[in-house]
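Here is the naming used below: chain letters follow the sequence lines, and residue numbers restart at 1 for every chain.
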2 protein chains.
Amino acid sequence: MYTVFTMSQASRDRYRHGDLRQALLEAGLDMAREGGPDAIVLREATRRAGVAPNAAYRHFADRSELVRAVSDRALAELAEGIEARFDAVPADADPVAHAHGLLRAVGEGYLDYAFREPGLFRAAFTVPADLDRAADPVRGSARGRTPLVLLGVALDAMVEAGALSAERRPGAELLAWSSVHGLACLALDGPLRALDPATVAATGERLIAMVVRGL
Amino acid sequence: MYTVFTMSQASRDRYRHGDLRQALLEAGLDMAREGGPDAIVLREATRRAGVAPNAAYRHFADRSELVRAVSDRALAELAEGIEARFDAVPADADPVAHAHGLLRAVGEGYLDYAFREPGLFRAAFTVPADLDRAADPVRGSARGRTPLVLLGVALDAMVEAGALSAERRPGAELLAWSSVHGLACLALDGPLRALDPATVAATGERLIAMVVRGL
DNA sequence: TGACATTGTGAACACTGTATACATCGGGTC
DNA sequence: GACCCGATGTATACAGTGTTCACAATGTCA
């Protein structure tokens, strides 16, 4: 519940900030974008919002709560990125090709976001979270679909097309997710950091193909 | 190059610590074991060594250098863990089964260490590093074999046994590594954190099977 | 013995997250 | 319209961090 806002535009800028929570979140997103979740610093956020350091505590109980809010937004952005590719998969192909296309869309969208927004990607996942959170529509796309949900849809399509046996379906999300996520981790903070983008992209393609084949 | 040490045992404990570098490293390992790389704090290390905060700077240029030293040790420990399973694979089986066994040994050893020593595992990888470092014998087992090298041996065996085509061999390390590493990431810091160990272990087995099948 | 490099100490700085007390404002009630 | 109250900001302070500078103690070697 947010209180309705009736202050004049002028009085906004004086004492009351207006929407400090949003401003802090935005600052947090900027910092995460540049340096990942560890680069989110409360005081700097208040500084950018032009406000005293402890004003942040009127909107976030804790630094970690700001980080989590940033993480939520990053997760939603990721979901949008995946969904765009997901929805672009041609529907008129044969069922197996279609299912493969969906699965590839999820994997490619995932990796694409990871390398386009490394800081935010890390913020999305290097944060206390659980499976419920990963499936909560609040953190999904505008249509409420999280990456995990989209992956599930793709896998269901695989089963329906006969490209994946029903008994292998349960838990298959974790297998596909792990593979793609691992590459992102290794290439973002890990030992593959120095790998050139082209090689990483090619490896991503091979990885997705491997998952499709091995599931 | 280290200077030879000729002080008496008694005089060691007074002014000169004796082996402060080692003591700091040990303290760093303890802290990382409990809370991962972020839990490594320089001042606390000096405190545990019974020494002034800035004494650390005689042995490490930087906090990050201590973290890296801890990371190196963790990487070596991981290598030992994998190597133990690796060497335990029976050699008299048929070539394909043997190669599969080696690959499974690497994957299982990797995951086993990740869940047995989550803090150290994260310290090993959440640190600036590159591929050279991951293949440097200095950071390997006592026999100088790093996890990456062991994985390479297993994959070579796959090719020799005819279980993996030669043209798919180059870069296959990255595929196998990513898959297994991803599960570890998701289950340690990520959204799978709350997953019960049994499920994680079972997923690990399925994941390795998927890699063997899909490579 | 005396110069010297090594390795420790002391004090300080800038920075962080966070708590406690206080000021200021807007909106709802008599 | 006066008044109180909850919401939201400020001032100040504290403990903790990494890091630096000047200095002291120590062992080594000419």
Separation of D/dG18 P from B/Leu24 CG (nearest whole Å): 12 Å

Output every pair passing side chain to side chain donor-acceptor pair (under 3.5 Å) with a member in residues 200-215 of chain B, not counting sequence neighbours, ordered by first then second residue. B/Arg104-B/Glu205

Measure CZ/B/Arg21 against P/C/dT6 and give the value in whole Å, please. 16 Å

Return the value, rounded to whole Å, for the distance between atom CG of A/Asp19 and atom C1' of D/dT8. 13 Å

What heavy-atom pair brings A/Val149 and A/Ala135 nearest, and what distance separates the two atoms? CG2-O, 4.3 Å

Take the angle between the ring planes of A/His181 and A/Tyr110 and call it parallel below 30°, perpendicular above 60°, tilted in between. perpendicular

Any residue in residues 58-68 of chain B with a heavy atom nearer than 4.0 angstrom to DNA chain C? Just list them by number, or reply none. B/Arg58, B/His59

Pairs touching residues 169-181 of chain A that satisfy salt bridge (Lys or Arg N to Asp or Glu O under 4.0 Å), sequence neighbours left out: A/Asp156-A/Arg169, A/Arg169-A/Glu173

The correct set of residues in residues 28-44 of chain B placing a heavy atom under 4.0 Å from DNA chain D is B/Val41, B/Leu42, B/Arg43

Walk me through it: do A/Arg133 and A/Asp136 pass the test salt bridge (Lys or Arg N to Asp or Glu O under 4.0 Å)? CA-CA 5 Å; A/Arg133 182 164 169 275; A/Asp136 187 341; over 6 Å; no

d(OH, B/Tyr57; C1', D/dG18) in whole Å: 4 Å

Using atom CZ of A/Arg47 as one end and atom P of D/dT10 as the other, report the distance to the nearest whole Å. 14 Å

Could you work out, with salt bridge (Lys or Arg N to Asp or Glu O under 4.0 Å) as the rule, every residue matching B/Arg47, not counting sequence neighbours? B/Glu44

Hey, can you pull the donor-acceptor pairs under 3.5 Å for the side chains in residues 112-121 of chain B, sequence neighbours left out?
| residue | atom | partner | partner atom | Å |
| --- | --- | --- | --- | --- |
| B/Asp112 | OD2 | B/Arg116 | NH1 | 2.9 |
| B/Tyr113 | OH | B/Glu77 | OE1 | 3.2 |

Shortest non-hydrogen contact from B/Ala79 to B/Gly140? CB-C, 3.8 Å

